[in-house]
Amino acid sequence: MSEETVPLTAGAGQPKGLLQQMEELMAALNADLSALDADLQGAGSLGRGVGDEKAG
């Protein structure tokens with residue numbers, strides 16, 4: 001995962017509030033987790049998923 005810096009100023013040079021920074025970070029995290037989930041779901045459909053075995 002790449003490290004990215006979050007700018008601390010909004011459009012007109014006004015500093016962002018903590019809540020806005022946290023919302024943006026959570027949105028980025030959700031996007032990353034969604035992409036990871038899609039990758040894992042794809043790997044699972046290829047037969048490499050954990051828990052595919054059925055107990056007899």
Side-chain angles (χ1 to χ4, degrees):
M1 187 155 85
S2 64
E3 293 184 27
E4 298 177 6
T5 58
V6 177
L8 297 177
T9 56
Q14 297 174 348
K16 290 184 180 181
L18 182 60
L19 181 59
Q20 184 177 357
Q21 291 180 43
M22 291 299 295
E23 288 174 345
E24 291 175 2
L25 289 170
M26 289 300 294
L29 177 61
N30 283 335
D32 288 344
L33 289 174
S34 294
L36 177 61
D37 184 49
D39 289 345
L40 292 175
Q41 293 293 329
S45 68
L46 295 176
R48 289 183 270 176
V50 176
D52 286 343
E53 299 176 22
K54 295 188 179 191

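Any value given below was found using the heavy atoms of this structure, including those in side chains, with hydrogens, waters and symmetry copies removed. For the single chain, residues carry numbers from 1 onward in sequence order.
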Is it true that Leu19 and Leu25 fall in one hydrophobic cluster, defined by side-chain heavy atoms closer than 4.5 Å?
no
Within the 4.5 Å heavy-atom criterion, are Leu40 and Leu36 side-chain neighbours or not?
yes
On a heavy-atom basis, the closest approach of Gln21 and Lys16 is NE2-O, 3.5 Å
